[in-house]
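Take a look at the structure below.
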2 protein chains.
Amino acid sequence: MPISASQRRSLAQAPRCQTCSLSSLCLPLALQIEDISQFDAIIRRRAPLKKGEALFHQGERFSSVFAVRSGSLKQVTSEGNGEDQLTNFYLPSELVGLDGIDDECYPGSVVALETTTVCEIPFKHLDALSEQLPELRGQLYRSMSKELRDDRRMMRLLSRKTADQRLATFLTTLSDRFRRRGYSPYSFRLSMARADIGNYLGLAVETVSRILSRLQSQQVVAVSGREVNILDMPRLITLADEETPT
Amino acid sequence: MPISASQRRSLAQAPRCQTCSLSSLCLPLALQIEDISQFDAIIRRRAPLKKGEALFHQGERFSSVFAVRSGSLKQVTSEGNGEDQLTNFYLPSELVGLDGIDDECYPGSVVALETTTVCEIPFKHLDALSEQLPELRGQLYRSMSKELRDDRRMMRLLSRKTADQRLATFLTTLSDRFRRRGYSPYSFRLSMARADIGNYLGLAVETVSRILSRLQSQQVVAVSGREVNILDMPRLITLADEETPT
DNA sequence: CCGCTTTATTGACCCAGCTCAATCCGGCCT
DNA sequence: AGGCCGGATTGAGCTGGGTCAATAAAGCGG
């Protein structure tokens, strides 16, 4: 079964889901080989985004969701008046844009934190394909459901946790996401600025900086610029959800 | 076209989507008459929940989502250690349980705030039906997407807004939800305790109480126990998202 | 390699909202 | 009716983390 167009694209170095190292984490996760190529066919590759470039802007018409292939992004919502709110960081294999389905506009801008490549998945096609492929549909429901769950965890963090717990949670969560992707959970590079971390966690930059310094002086982590080494993971995990003395 | 079983149920006072006053807000929103009866067929009615009763408990196996028919509920997540976090209030026509799809467990308990009736929609059937009815599928995607968007608004509230702004936002949002459901946006009854409001908004009960008193003394609202009258809606809306005096 | 700009760290001070504690109120049961 | 109990209000202080300000260090373009 020759799929010449697709093959030519592949030879011309357009990557395909079948050969993507993320396929075990990404949307096609549950698909059979023969279904993956159907899925692959609706995907549009994109030129890599440079650091600071937007994948899309808040208010733009919703048309596609995107799977992160490499790099990382942040989602920022501006809501009229004052400050922006950074609502999410996206790592490879994660799905961007699901919150735009409802009112057909992206509710926030998504911006690359470093050189980043994404796969564009036109939602119309994704929806149509999800009619034929129950596994794909299930995976899509699951992705959205997981994001809902993560959001609720974030609400808990924002409304109940101290600044120290927030930072500890942020680091353990990132660490875990790296581990799942096959990277070291102990040593990694932050692709976001301190200001982004603060904005995301509901803290002032200065607080983020102070707490990282403190964690460092307590030998829990070693931080140098954006390089992070977790020295005492159990302690960090303890800090993340226990505490609250009294 | 006689659907005798269903009709008999209807006569025996089991309600049906076709006659439900919420149908224009609820899941079947986009369906044709003939499709609604298919949808109606998979729904299980439930005995009303009394105040304080749980629809389901955190950790229970996920099997169904629920549409609120009357009354209201709160979702509470316990996360191991200390405090609970109240992550959502649900009003009639809203869908409960969508965050349980992913890992097949409900990630929080959902408890009735007053006498409440719900329609149970077994997810297996809903998924299967969503294969045949693109409109239903779309509506489901939209519901989840909307919940994601609302969550992000909540994150913004929790991480950037002052206590006064939070209360004002809470009241305007509730007001709007009542309006959409055909109730007065100016005068309504809170079904939740102050403690619930505080927990939801990330504030101490005392703060909620103090701010309600202050809003009252400023003639923005009149509060008496759980009865709320919004006296100055424009002012309340202003309080909700502007402010931040520098 | 050198300024220049952006980002990060550290210190000093202050205040919004928390905690603790004392009522107060309303519903409900006997 | 009266008493009781849980929820709500109000007051008094305390403090975590914000703000403002001053460096320091890291990119980065030339």
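Lettering follows sequence order; numbering is per chain, from 1.
Using a 4.0 Å cut-off, no side-chain N or O of A/Arg210 falls inside it from OP1 or OP2 of D/dG17. Of the side-chain N and O atoms in A/Thr207, one or more sit less than 4.0 angstrom from OP1 or OP2 of D/dG18. Dashed line: the shortest gap from a side-chain N or O of A/Ser209 to OP1 or OP2 of C/dT10 is not under 4.0 Å.
At a threshold of 4.5 Å between non-hydrogen side-chain atoms, the residues A/Thr172 and A/Leu239 do not count as touching. A/Lys74 has its side chain out of reach of A/Asn88: every pair of non-hydrogen atoms, C-beta onward, lies at least 4.5 Å apart. Annotation: side chain of A/Ile211 is not in contact with side chain of A/Arg166 (no heavy-atom distance under 4.5 Å).
Contacts of A/Leu212 with the nucleic acid, taken as non-hydrogen atoms under 4.0 Å apart, are absent. B/Gly198 comes within 4.0 angstrom of nothing in the nucleic acid, heavy atoms only.
The nearest heavy atom of DNA chain D to A/Val205 and to B/Glu206 marks one nucleotide each, and the one closer to the 5' end goes with B/Glu206.
Rounding to whole angstrom units, NZ of residue A/Lys161 and C1' of D/dG17 are separated by 18 Å. The distance from atom CD of A/Glu227 to atom P of C/dA8 is 13 Å, rounded to the nearest whole Å. Atom-to-atom, CD of A/Glu114 to P of D/dG27 comes out at 14 Å; the value is rounded to the nearest Å. Rounded to whole Å, the distance from CG on A/Leu203 to C1' on D/dT19 is 14 Å. Rounded to whole Å, atom P of D/dG17 lies 11 Å from atom CG of A/Leu167. In this structure, CG of A/Asn199 is placed 14 Å from P of C/dT7, rounded to the nearest angstrom. The distance from atom CE of A/Met192 to atom C1' of C/dA8 is 16 Å, rounded to the nearest whole Å. Between the CZ atom of A/Arg194 and the C1' atom of C/dT9 there is a distance of 9 Å, given to the nearest Å.
In this structure, of D/dG17, C/dT10, D/dA8, it is D/dG17 that holds the atom nearest to the side chain of A/Ala163. Residue B/Ala193 has its side chain nearest to D/dG7 when only D/dG7, D/dG18, C/dC18 are considered.
Classification of the A/Phe178-A/Phe188 ring pair by plane angle, with boundaries at 30° and 60°, yields tilted.
When only modelled atom types and interatomic distance are considered, A/Gln58 and A/Ser109 share no side-chain donor-acceptor pair under 3.5 Å.
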